[in-house]
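We number each residue from 1, following the sequence as shown. Bear in mind the structure is a predicted one, so any value in this text is a computation, not a measurement.
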Amino acid sequence: MVIGKGLVAGSFSSYAQDERFLIFASGVSNSKTSTDADFRREEDMLRQAMKAHADMQLVYFSTTSVEDADLQHTAYVQHKLNMEELIRSVAHRYSIFRLSNLAGRSENPNTILNYFYQHISQGIPFQLWQHSERNIIDAEDVFRIADYLLQHGEATNQTVNIANTESYPVQLIVDSMEAVCGKKGIYTLADKGAAVTIHTEAIKAACDALNIHFGKGYLQQLLQKYYSA
């Protein structure tokens with residue numbers, strides 16, 4: 001069963017009729033401007049879903065930003081940590097997948113790649129935190145890894161990071177997006193940001209089995225896949 005209708009929910013559409021798992025993919029979509037009301041709405045939906053489908057294994061999507069010095073103290077990340085604790089205290093069986101920044105076909109303007117694409121392609125000025133890094137992963141790879149872990153029973157009652165093994169300087173992301181768009185972005189540099197370290201040891205075996213490689217050219221391949229004309 002799948003609850004939600006965004007990029008993650010769409011990636012898990014094959015689970016729609018699977019009564020073993022409850023894919024809860026109806027969370028807050030904008031990590032920067034969400035309100036307390038948005039957080040309460042997600043919590044209410046989550047509580048109702050766990051109560052109504054207590055016999056299913058709950059699959060919840062949190063964020064790897066809990067390990068990001070730029071973001072870990074934001075209201076959004078604190079909300080996600082609260083939801084994780086709620087699940088651990090209520091759900092009989094669960095898998096919590098902490099995701100990094102997704103690449104995929106989405107109309108959501110708040111994803112980091114959609115944000116850069118929109119601003120660069122339309123000539124909209126923006127600010128670039130020159131010391132920041134962001135971790136980018138294909139939504140299709142997220143599904144493949146999560147599906148492997150669920151089907152092999154390797155994530156039951158666990159919290160697992162699903163992310164690229166490499167995080168990218170935001171300057172590199174912007175430079176790569178400029179190459180895809182064929183134009184330069186209009187931005188100012190801010191002396192802000194920090195490197196990101198995300199532990200991905202738990203998905204190594206799955207990636208090896210699925211032949212997923214986060215190596216040289218992965219970022220550029222994603223941008224070509226989703227943003228080239």
Side-chain angles (χ1 to χ4, degrees), residues 1-34 38-39 41-50 53 56-68 71 74 76-77 79-84 86-87 91 93-115 117 134-151 154-156 158-164 198 200 202-203 206-207 210 212 214 218 222-223 225-227:
M1 180 177 182
V2 179
I3 297 177
K5 56 184 179 181
L7 177 59
V8 174
S11 299
F12 283 80
S13 59
S14 61
Y15 277 70
Q17 305 302 321
D18 193 327
E19 297 184 356
R20 297 172 299 164
F21 301 98
L22 172 60
I23 309 297
F24 188 88
S26 186
V28 174
S29 63
N30 188 344
S31 62
K32 296 188 180 300
T33 62
S34 299
D38 295 324
F39 298 148
R41 183 163 51 250
E42 179 180 346
E43 180 176 350
D44 290 343
M45 289 183 62
L46 180 58
R47 287 183 181 275
Q48 292 169 10
M50 287 191 292
H53 306 285
M56 294 183 178
Q57 179 170 330
L58 175 67
V59 179
Y60 181 78
F61 301 97
S62 185
T63 175
T64 57
S65 294
V66 300
E67 301 182 50
D68 186 335
L71 303 171
T74 63
Y76 172 77
V77 172
H79 164 71
K80 285 297 188 182
L81 288 173
N82 291 338
M83 295 305 95
E84 289 185 12
L86 173 63
I87 290 166
R93 289 181 300 125
Y94 66 85
S95 295
I96 297 172
F97 294 131
R98 290 176 174 172
L99 310 183
S100 60
N101 295 278
L102 302 187
R105 292 185 172 85
S106 169
E107 298 299 318
N108 183 354
N110 303 309
T111 70
I112 186 171
L113 293 183
N114 282 356
Y115 175 89
Y117 176 76
R134 289 295 177 262
N135 188 285
I136 311 293
I137 185 172
D138 194 334
E140 293 181 1
D141 288 336
V142 166
F143 169 76
R144 294 174 64 203
I145 294 167
D147 178 60
Y148 182 94
L149 295 175
L150 293 173
Q151 298 301 327
E154 296 182 7
T156 304
Q158 294 186 41
T159 301
V160 178
N161 291 337
I162 300 183
N164 194 326
I198 300 174
T200 58
I203 65 170
C207 290
L210 297 167
I212 295 174
F214 300 111
Y218 182 83
L222 289 184
L223 298 186
K225 178 179 179 178
Y226 292 118
Y227 296 97

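Note that CD1 of Ile198 and OG1 of Thr64 are 3.5 Å apart. Values are rounded to the nearest 0.5 Å. One distance of note links CG of Leu222 with CG of Asp141; it measures 7.5 Å at 0.5 Å rounding. Distance CD1/Ile23 to CD1/Ile3: 10.0 Å, rounded to 0.5 Å. Residue Leu46 holds its CG atom at 10.0 Å from OG of Ser26, rounded to the nearest 0.5 Å. Rounding to the nearest 0.5 Å gives a distance of 5.0 Å between CG of Asn101 and CD1 of Ile112. Between the CD1 atom of Ile87 and the CE atom of Met50 there is a distance of 6.0 Å, given to the nearest 0.5 Å.
At least one donor-acceptor pair closer than 3.5 Å links the side chain of Thr111 to the backbone N or O of Asn114. For Asn164 (side chain) and Ile137 (main-chain N/O), no donor-acceptor pair under 3.5 Å exists by modelled atom type. A distance-only check finds no donor-acceptor pair linking the side chain of Lys80 to the backbone of Arg98 [under 3.5 Å]. No donor-acceptor distance shorter than 3.5 angstrom exists from the side chain of Asn161 to the backbone of Ala163, with no hydrogens or angles considered.
In this structure, a donor-acceptor pair under 3.5 Å is present between the side chains of Gln57 and Ser95. For the residue pair Glu43 and His79, no side-chain donor N or O sits within less than 3.5 Å of a side-chain acceptor on the partner.
Annotation for Ala206 and Tyr148: closest pair CB-CD2, 3.5 Å, computed over non-hydrogen atoms.
Considering only heavy atoms from C-beta on, Phe12 comes within 4.5 Å of Phe143 through its side chain. Contact annotation: the side chain of Asn108 never approaches that of Leu7 to less than 4.5 Å [non-hydrogen atoms, C-beta and beyond]. Between Met1 and Tyr15 there is no side-chain heavy-atom pair separated by less than 4.5 Å. No side-chain heavy atom of His53 sits under 4.5 Å from any side-chain heavy atom of Gln48. Val8 places a side-chain heavy atom less than 4.5 Å from the side chain of Leu99. The shortest side-chain heavy-atom distance between Thr159 and Ser62 does not fall under the 4.5 Å cut-off. When side chains are defined from C-beta on, Phe24 counts as touching Leu58, because their heavy atoms get closer than 4.5 Å. For the pair Phe21/Asp147, no side-chain contact is recorded, criterion being any heavy-atom separation below 4.5 Å from C-beta on.
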**Message:** Applying side-chain contact (heavy atoms from CB on, under 4.5 Å) to Arg20 and Met56, what does each step give before you reach the verdict?
**Reply:** CA-CA 5 Å; Arg20 297 172 299 164; Met56 294 183 178; over 6 Å; no

**Request:** Output, in order, the C-alpha distance, side-chain angles, deciding distance and verdict of side-chain contact (heavy atoms from CB on, under 4.5 Å) for Val59 and Phe97.
**Result:** CA-CA 7 Å; Val59 179; Phe97 294 131; 3.7 Å; yes

**Item:** Evaluation steps, side-chain contact (heavy atoms from CB on, under 4.5 Å), between Tyr115 and Leu113
**Value:** CA-CA 5 Å; Tyr115 175 89; Leu113 293 183; over 6 Å; no

**Message:** side-chain contact (heavy atoms from CB on, under 4.5 Å) for Glu42 and Arg47? Distances and angles first, verdict last.
**Reply:** CA-CA 9 Å; Glu42 179 180 346; Arg47 287 183 181 275; over 6 Å; no

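Between Tyr117 and Tyr227, the ring planes are tilted. Angles from 30° to 60° get that label. Using cut-offs of 30° and 60° for the angle between ring planes, the Tyr76 and Phe39 rings count as tilted.
In this structure, Arg41 pairs ionically with Asp38, as a charged nitrogen and a carboxylate oxygen lie closer than 4.0 Å. Glu140 and Lys225 are joined by a salt bridge, as a carboxylate oxygen and a charged side-chain nitrogen come within less than 4.0 angstrom of each other. A salt bridge does not link Asp138 with Arg144: every distance from a Lys NZ or Arg NE/NH1/NH2 to an Asp or Glu carboxylate oxygen is 4.0 Å or more.
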